[in-house]
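So the structure is just underneath, and the comments pick up after that.
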Amino acid sequence: MSEDVTFRVFRGEPDEEGVPNGEMVDYTVEMDEGMVVLDVIHRIQAEHAPDMSCRWNCKAGKCGSCSAEVNGKSRLMCMTRMEDILEETPENTPVVVKPMQAFPLTKDLVTDVQWAYDLNKTIPPLKGPEEMDWKFDQVEADRVQEFRSCIECMLCVNTCHVMREHQLFDEFAGPRFFVRLANLEMHPMDEDNRLEMIKDDFGLGYCNITRCCTEVCPAGINITDNAIIPLKERVVTEYYDPIAMIAKKVGLRK
Amino acid sequence: MTEDYTTHEYDVVIIGAGGAGLRAAIEATRQGASVAVICKSMLGKAHTVMAEGGAAAALANKDPRDSWETHFRDTMKGGKYLGDWRMAEIHAKESPDRIRELEQWGAIFDRTPEGLTNQRNFGGHTYPRLAHIGDATGLELIRTLQERGIHTGMEVFMEYTVRHLFKSDGRVSGCFAYNRVDGSLHVFKAKATVLATGGITRCWAVCSGSWEYTGEGHALAYWAGAEMGDMEFVQFHPTGMIWPPSVRGILVTEGVRGEGGMLTNSEGKRFMFDYVPEMYRDEFADTEAEAMEWVDSIVADETPTARRPPELLTRDVVAKAINSEREAGRASEHGGAYLNISWRPEEQVKKKLPGMYHQFKELAAVDITKEPMEVGPTAHYVMGGVKVDPITQESTIPGLYAAGEAATGLHGANRLGGNSLSDLITFGKRAGQYAAEAAEGIDVFGDIDDDELNRVIAETLAPLSREGGENPAKVVEDLRDMMQEKVGIIRQGHQLKEALDELESYREREASTSPGGTRIYNPGWHQALEIGAMIDISQMCALAALAREESRGGHTRLDFPTPEHSHWGKINSVITMGTSGEMELNHVTYPPIPDHLKQLLDADDLHEEE
């Protein structure tokens, strides 16, 4: 019942200018029932290439480490079943596995995502109550719990054309961090306001709602509709709505 | 020696960035210490992220009868009275504040109708006690600590592996690490060092752990001369996935049973009614009707008056029951048991157990709202670890602290579900606090011995220059299979002896692996370096297991199938490195439990007359 499968995997490192320098290498291994893409990668390491780089941890879609591009699509290797991959791969052609293309290459399937850690530090943290006497209902929790299910796999950032094609990493926070900002802005205990930063520093305006991020999110977060669009509405109300501006002037709004 | 290395200096160096490590870092920086956190993975990916069911704390939001006293009693009983009562007391008293603190920092746990932190039922906990967010509580915990931590000034060294602890005048003075990404070498000088390195379960073929769980933290402490306790006690979680083969071992949260999941065998029988141990008989339902009455109250959000279903017995009991059903020829299709939650309405299952729904749908093509899951035991947690002072978390080596799964004491012979996440934040905080306080009293960094450093560097780089040896992956695979077979859930004296003999041959194989490749992000090299720790950890486990001639909690001997209360029920194993490098095993006792705490325990369980 077992059959062979061929993977065509990117192997290489960046050159001195940081440009990926490598080749696609074919590996053929035996496949067992129920395998996911990451299992095949592990088998290639165990049988052919111990030094092939690949990040992974939980192997259950909870940690967001094994992000890659399989047959050109951004996915978690641990949650992509070979059954489905073989269905979409034309017969007698290998399954193509590459690292995320929007991020700088480290080696083979591993990319450098330091940008995400640096950007995260610039977001003002939750400003909550000092007294431990809060109460809030599940309805309020529901609104942000969706955002908190983000596993920081960065597949949304990898797919977003603002990042992938235009490389605006310095001007645009990207879908992952709009999810984080939406979590803070809608958090039932937060008292801070980050809208000016969201508009100016984090470049929310660059997003033109193509929904690519939402489509690839392995946690199923409705990034566009539930995080980005509500943030855009808040920015509009705060900075561009004439009635709200008058209301603010006469003291009807904060 | 001409290899370059970089030297760093910090008041407190914390090894590990899971729940315990990050909580320690937050506390140590709050005390004004300069803090480095060194972790094998990227920040936010540590093993804590995989925790599902919840964090146990007697908040009494869901059932007003709960109290720290009951939590203390449940923890001691679940640990079969081999836990350190001092840690169990601190944990029961402090965990509610640690949970509230997480909310203050942004964690959003599920709510009660009154707007308070909701709490879920779990095995061995008398009352609903686990703060949770669906079945992804670990993610909530680690993200909350991460987001708090990055603003405290701690420095994070991601994708670094620590290989060695240095001592100076008997005190731990720093560590050696290499960067997994670029292969660079680093010395961290520290006034205090905290091990928050998690567990060891990767030593077994079927486990719920990631690649990180190779026990290097345990090994570092042992190599530095620290006492290691309770290493025979390994928790096999009763419900891991078993089919298809590639997902074997992945955790299925105990929350499924907390929400009313029923275990059945191939004959459709709810077999757990046949496995209720004497010590728990009064607390569990003895008919399906009574069990159903309890579940109905839970579903209706009412305080139950019926006794709980036997599926909620402690993990050691349920795991062994599933194993016994299989031995008796009543296993499910692929050799485990059926776990069924599909009798509850679809929306409720998806709301309460979204991760499980997703996991089974994606990985096993099973819709848990419509059909039962297949589950079986998986190596999940080690109760044993570094012996620590219950107050300060300092090990028996000055300057070295341990917290979370890397330490021992709280859980005795068996950990209750939900007590791990609360352990991390309770004792992580204490470790950070006392490490920072100790560092404050030290003016100068201890010395790092050059010869020792050169030796460690040479050992670290050695696999890269070896040729023609085995692929390290093969050695690890064989080791894990051997441990599964001979030091697994059910043990026998002759198999444990065989395991100890065979481990010696693994040392030779370890020394000749050749991964090939360079120092740049080379998983084969990394794996070659992990094997030494795995062998020592496996040896500790087998050695302590061979000595304990009884069955208790996470240690079951086919040749000694019952608990023995008068001798083994009162002593804990301790392993240290002897003067000539051999592994030495002794047994010790904790101080006697004071009367005011003893009164909280079940008198019949203590077997004091014996």
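Chain letters run A, B, ... following the sequence lines, proteins first, then strands; residues in each count from 1.
- Interface residue A:Arg148: backbone and side-chain heavy atoms are both found under 4.5 Å from chain B.
- Interface residue B:Phe109: only backbone heavy atoms are found under 4.5 Å from chain A.
- Few gaps surround CD on A:Glu191; more than 12 heavy atoms of other groups in view lie less than 6.0 Å from it.
- In this structure, chain B has heavy atoms under 4.5 Å from both the backbone and the side chain of A:Val36.
- Counting heavy-atom neighbours within 6.0 Å of B:Lys62 NZ, excluding the residue itself, gives a total above 12.
- Residue B:Lys474 does not touch chain A at all, counting heavy-atom pairs closer than 4.5 Å.
- For A:Asp133, the CG atom is densely surrounded, since the number of other residues' heavy atoms within 6.0 Å is greater than 12.
- By the 4.5 Å heavy-atom criterion applied to side chains, B:Tyr521 and A:Glu13 are not counted as neighbours.
- Going from atom OG1 of A:Thr106 over to atom CD of B:Glu159 covers 7.5 Å, rounded to the nearest 0.5 Å.
- Counted by atom type alone, B:Asn471 and A:Gln45 present zero donor-acceptor pairs between their side chains at under 3.5 Å.
- Between chain B and the options A:Ser149, A:Ala46, A:Gly128, the largest number of non-hydrogen pairs under 4.5 Å is found for A:Ala46.
- No donor-acceptor pair closer than 3.5 Å links the side chain of A:Gln138 to the backbone N or O of B:Asp110.
- Within the 4.5 angstrom heavy-atom criterion, no atom of A:Val139 approaches chain B.
- In this structure, chain A has heavy atoms under 4.5 Å from both the backbone and the side chain of B:Ile520.
- Among the candidates B:Lys351, B:Met241, B:Arg148, the residue making the largest number of heavy-atom pairs closer than 4.5 Å to chain A is B:Lys351.
- When B:Pro244, B:Gly115, B:Ala528, B:Ser41 are compared by the number of non-hydrogen pairs under 4.5 Å with chain A, B:Gly115 comes out ahead.
- We find the SG-NZ distance between A:Cys63 and B:Lys45 to be 6.0 Å, quoted to the nearest 0.5 Å.
- Proximity of a side-chain donor or acceptor of A:Lys135 to a complementary backbone N or O of B:Leu116 within less than 3.5 Å is not detected.
- Residue with the most contacts toward chain A among B:Lys40, B:Gln527, B:Glu114: B:Glu114 (heavy-atom pairs, distance under 4.5 Å).
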Margin query: Using side chain to side chain contact (heavy atoms under 4.5 Å, CB included), reason through B:Thr518 and A:Asp51 one step at a time and then give a plain yes or no.
Written below: CA-CA 8 Å; B:Thr518 69; A:Asp51 67 331; over 6 Å; no
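- For the set A:Arg55, A:His42, A:Met52, A:Met35, the entry with the most heavy-atom pairs within less than 4.5 Å of chain B is A:Arg55.
- Contacts with chain A were tallied for B:Met50, B:Met42, B:His526, B:Arg100; B:Met42 has the most, counting heavy-atom pairs under 4.5 Å.
- Enclosure of atom CD in A:Glu196 is not indicated, since only 12 or fewer non-hydrogen atoms of other residues, nucleotides or ligands lie within 6.0 angstrom.
- In the displayed structure, B:Arg519 atom CZ is contacted under 6.0 Å by more than 12 heavy atoms of other residues, nucleotides or ligands.
- Expressed to the nearest 0.5 Å, how far CD1 of B:Ile250 lies from SG of A:Cys78 amounts to 7.5 Å.
- Interatomic distance, A:Trp134 CH2 to B:Thr117 OG1, rounded to the nearest 0.5 Å: 8.0 Å.
- Residues B:Leu43 and A:Tyr117 share a closest heavy-atom pair of O-OH, 2.7 Å.
- The backbone N or O of A:Gly34 lies less than 3.5 Å from a partner atom in the side chain of B:Ser246, making a donor-acceptor pair.
- Heavy-atom distances place the backbone of B:Pro113, and not its side chain, under 4.5 Å from chain A.
- B:Gln104 touches chain A through backbone and side chain together, each having a heavy atom under 4.5 Å away.
- Of all heavy-atom pairs spanning B:Arg111 and A:Ala141, the tightest one is CG-CB, 4.1 Å.
- Nearest heavy atoms, A:Cys54 versus B:Pro523: N-CG, 4.3 Å.
- Both the backbone and the side chain of B:Thr144 come within less than 4.5 Å of a heavy atom in chain A.
- Under a 4.0 Å N-O distance rule, the pair B:Glu52/A:Lys62 qualifies as a salt bridge.
- In this structure, the portion of A:Ile123 lying under 4.5 Å from any heavy atom of chain B is its backbone and not its side chain.
- Neither the backbone nor the side chain of A:Asp108 comes within contact range of chain B; no heavy atoms are under 4.5 Å apart.
- Using a 4.0 Å cut-off between charged nitrogen and carboxylate oxygen, B:Asp182 and A:Lys107 do not count as a salt-bridge pair.
- Checking B:Trp211 against A:Asn57 by side-chain atom types alone, a donor-acceptor pair falls below 3.5 Å.
- Shown here for A:Gln145 and B:Ile108, the closest heavy-atom pair between the two residues is NE2-O, 3.1 Å.
- Only the backbone of B:Trp105 comes within less than 4.5 Å of a heavy atom of chain A; no side-chain atom from C-beta onward does.
- For a residue to count as touching a neighbouring chain, one of its non-hydrogen atoms must lie under 4.5 Å from one of that chain's; by this rule A:Asn120 touches chain B with backbone and side chain alike.
- Of the listed residues B:Gln146, B:Glu362, B:His151, the one with more heavy-atom pairs under 4.5 angstrom with chain A than any other is B:His151.
- Contact annotation for B:Glu477: neither backbone nor side-chain heavy atoms come within less than 4.5 Å of a heavy atom of chain A.
- Within the 4.5 angstrom heavy-atom criterion, only side-chain atoms of A:Met189, from C-beta onward, approach chain B.
- By the 6.0 Å contact criterion, CD on A:Gln114 is enclosed, its count of non-hydrogen atoms from other residues, nucleotides or ligands being greater than 12.
- Note: A:Glu152 leads A:Lys59, A:Met132, A:Glu152, A:Lys121 in heavy-atom pairs under 4.5 Å with chain B.
- Proximity to chain B (any heavy atom under 4.5 Å) is shown, for A:Pro125, by both the backbone and the side chain.
- For A:Glu140, no part lies near chain B; criterion is any non-hydrogen pair under 4.5 Å.
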